[in-house]
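Working notes for the structure below.
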Amino acid sequence: MSSSKPKKNPSTSRITPGADRRISSGNGNGSSPPRKQPATSKTQEATPEKPAEAVVPAKRRSMYENVMSQFNKAADLMRLDGNIRKILAKTENEISVNFPVKMNDGQVEMFTGYRVQHNDALGPFKGGLRFHPGVDRDEVRALAAWMTWKSAIVQIPFGGAKGGIQMDPSNYSPAELERITRRFTFALGSNIGPEYDIPAPDVNTNAQIMAWIQDTYLSTVPPTERQRNIHVVTGKPVVSGGSLGRDKATGQGIVFTIVEWAKDRGVSLEGLTFMVQGFGNVGSWAARLLVDLGAKLVAVEDVSGAIRNMDGIDPKHLSDYAQSHSGIRKYPDADRIDHIMLLKTQADVFIPAALENQITQETAPWLKVRLVAEGANGPTTPEGDAILQERKIDLIPDILCNSGGVTVSYFEWLQNKRNEVWELEEVDAKLRKKITGAYRRIRDVASDLETDWRTAAYVVALSRLETVYKERGIFP
Ligand code: NAD
């Protein structure tokens with residue numbers, strides 16, 4: 001076993017945001033094309049037999065432009081210091097790696113992976129890794145910036161980063177996926193680390209993938225250092241140092257914010273109807289925890305299609321079904337519907353928990369809900385936002401609503417550093433305190449500044465970042 005850190009992989013480079021040297025759009029490296037075509041960017045009408053291409057990964061607009069539009073609105077409103085505005089409008093480091101992996105048939109395939117580090121003024125870079133055909137520099141930049149705001153909002157000492165590999169993991173065997181993950185980790189080398197940049201799960205990645213990253217990283221540090229480095233990733237399996245409650249943390253955080261909203265609006269959770277788009281980690285946990293409080297799940301969509309039952313769907317049963325049937329589409333206790341019918345379903349709450357750019361100029365007028373609770377990152381475009389406001393539909397913005405994941409990741413990181421193991425009740429109580437505190441801060445700022453909740457959430461985040469930059473000054 002190696003007793004020193006790996007040399008930086010020659011295909012790894014740090015580049016400045018403007019210097020677009022290594023990253024190209026499209027397939028990235030121009031090598032062998034992915035085995036399956038990425039999802040298209042058109043919403044198609046579906047029949048019950050033929051599911052719609054429900055979620056539009058939306059290469060038609062830049063996600064980073066969406067972030068900047070949200071950022072600029074808040075920065076104008078709060079009169080953010082001009083110099084600090086310049087800093088926060090840029091990412092700090094953008095790493096792209098092209099790396100080879102041997103497939104089961106003996107052929108070598110080239111992959112392109114990214115890690116974008118947006119800002120570390122408040123603490124080490126922190127953010128998930130996504131394995132998806134839609135992953136590219138623009139998407140990862142946007143997701144990294146959202147992580148910076150999120151950590152600032154819940155007041156945890158982390159900055160923002162995000163990463164991923166442009167690929168469809170369903171095309172690969174578990175053994176291939178393991179080799180891809182390990183080779184990507186090796187290619188990133190010392191660009192990640194427990195006190196520097198800490199990955200976590202996101203779309204199509206999970207605790208198993210975190211365990212492979214952890215093991216690969218630990219294999220590259222001296223044996224005497226290994227136990228002091230297990231917090232290089234969060235969202236690990238519990239026995240490998242993960243935290244109790246991390247699997248459900250994002251869904252749990254969403255539910256805590258909905259509980260607060262219901263209190264504020266005098267709405268009872270008993271019989272509250274809701275629908276969920278995306279039934280993976282975030283969507284399925286949010287659904288299960290909300291149903292535990294008496295709410296009724298009436299419609300669900302995942303990559304396989306959409307279903308509806310106004311009498312209620314059992315999320316635990318659906319989750320088990322989805323695992324054994326590659327999705328929810330043929331679930332027997334509900335009707336199959338298309339994407340448009342899902343969005344037009346009458347319900348109290350809509351939880352988008354799949355991908356970005358779902359609530360748009362086109363789709364926002366269709367929603368018949370009182371509240372959108374954003375489980376996904378970036379599900380609403382600026383045009384969609386304006387329509388929701390006009391229609392007086394409440395919105396709990398992503399950077400607050402889904403911050404439960406990074407919050408419990410912080411708890412996991414702390415437990416690892418201190419060699420502690422917290423009970424689930426302790427994790428849940430601490431999470432509740434963090435999320436409800438953030439919810440109330442944003443609610444108060446929205447009211448004081450007479451602005452929408454997304455802008456208020458940005459103001460809360462940017463104020464904290466502005467303070468730290470003013471305290472420390474700009475070197476030299
Ligand atoms: P996941 O991979 O566990 O689940 C994704 C779900 O979205 C799956 O049910 C999948 O079928 C569905 N989906 C994918 N493509 C779709 C399509 N074209 N149409 C309809 N559904 C589609 O991912 P996740 O971890 O649950 O993440 C979901 C969202 O939540 C993402 O935006 C992610 O960035 C965000 N998020 C995740 C976490 C976390 O802790 N995992 C934390 C904060 C935010």
Side-chain angles (χ1 to χ4, degrees), residues 38-44 46 51-58 63 126-135 139-140 142-144 146-147 149-151 154 160 162-164 168-170 199-210 234-235 242-243 245-254 275-287 299-307 315 318-319 322-323 325-329 338-339 342-343 351-358 373-380 397-410 412 431 435:
T40 68
S41 63
K42 287 228 168 72
T43 305
Q44 295 171 353
E53 295 216 22
V55 170
V56 188
M63 276 173 63
K126 183 82 187 84
L129 288 177
R130 179 177 285 198
F131 290 180
H132 192 274
V135 167
E139 179 181 89
V140 178
L143 291 162
W146 279 319
M147 288 306 301
W149 320 141
K150 222 178 279 187
S151 300
V154 281
K162 205 83 178 192
D168 182 347
S170 68
D202 193 73
V203 174
N204 292 334
T205 57
N206 56 21
Q208 174 61 75
I209 286 176
M210 294 308 115
T234 58
S243 176
R246 176 60 184 88
D247 51 352
K248 67 168 180 143
T250 308
Q252 181 69 76
I254 293 168
M275 55 181 188
V276 177
Q277 183 194 50
F279 208 64
N281 171 279
V282 176
S284 68
W285 271 112
V300 184
E301 181 176 58
D302 75 356
V303 72
S304 70
I307 56 169
L318 180 62
S319 190
Q323 300 240 329
H325 292 79
S326 310
I328 62 165
R329 188 166 93 91
D338 66 35
H339 175 59
L342 176 110
L343 291 179
I351 306 175
L355 299 174
E356 44 280 346
N357 290 350
Q358 295 306 299
E374 293 184 330
N377 285 305
T380 311
D398 47 8
I399 51 177
L400 164 65
C401 195
N402 69 33
S403 61
V406 71
T407 303
V408 176
S409 275
Y410 167 57
E412 177 176 329
L431 174 63
I435 296 274

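Remember, it's 1-based here, ligands and their atoms both numbered in the order they're listed. Since this is a predicted model, take the numbers as computed values, not measurements.
Remark: ligand 1 and K150 share no N or O pair separated by less than 3.5 Å (distance only, no angle test). Taking any N or O of G405, backbone or side chain, none lies under 3.5 Å from an N or O belonging to ligand 1. Considering backbone and side-chain N/O atoms, G278 never comes within less than 3.5 Å of an N/O atom of ligand 1. Taking only nitrogen or oxygen atoms, main chain and side chain alike, G283 does not reach within less than 3.5 Å of ligand 1.
The atoms of ligand 1 that sit less than 4.0 Å from any heavy atom of R246 are 40 (O). Counting atoms of ligand 1 from 1 in the listed order, those under 4.0 Å from a heavy atom of F279 are 6 (C), 8 (C), 9 (O). Within the listing of ligand 1, atoms 31 (C), 32 (O), 33 (C), 34 (O) sit less than 4.0 angstrom from a heavy atom of R130.
Summarising the geometry of A286 relative to I351, their closest heavy-atom pair is CB-CD1, 4.3 Å, with the distance given to 0.1 Å. Heavy atoms only, all atoms of each residue included: V406 and S151 are closest at CG2-OG, 4.1 Å. Across all their heavy atoms, L355 and A376 have their closest contact at O-CB, 3.9 Å.
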Does the side-chain contact (heavy atoms from CB on, under 4.5 Å) test come out yes or no for Y410 and V154, once each step is laid out? CA-CA 11 Å; Y410 167 57; V154 281; over 6 Å; no
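For atom 13 (N) of ligand 1, the choice among L342, V303, V408 with the nearest heavy atom turns out to be V303. Across the listed options N281, D202, N402, D202 owns the non-hydrogen atom lying nearest to atom 33 (C) of ligand 1.
There is a side-chain donor-acceptor pair under 3.5 Å between N402 and N377. Checked by atom type, the side-chain pair T205/R130 shows no donor-acceptor distance below 3.5 Å.
Side chains of P379 and D398 form a contact here, defined as non-hydrogen atoms less than 4.5 Å apart. In this structure, P315 and F279 have side chains that are in contact, with non-hydrogen atoms separated by less than 4.5 Å.
Only the side chain of T250 comes within 4.0 Å of ligand 1, judged by heavy-atom distances. For S403, no heavy-atom contact with ligand 1 is shorter than 4.0 Å.
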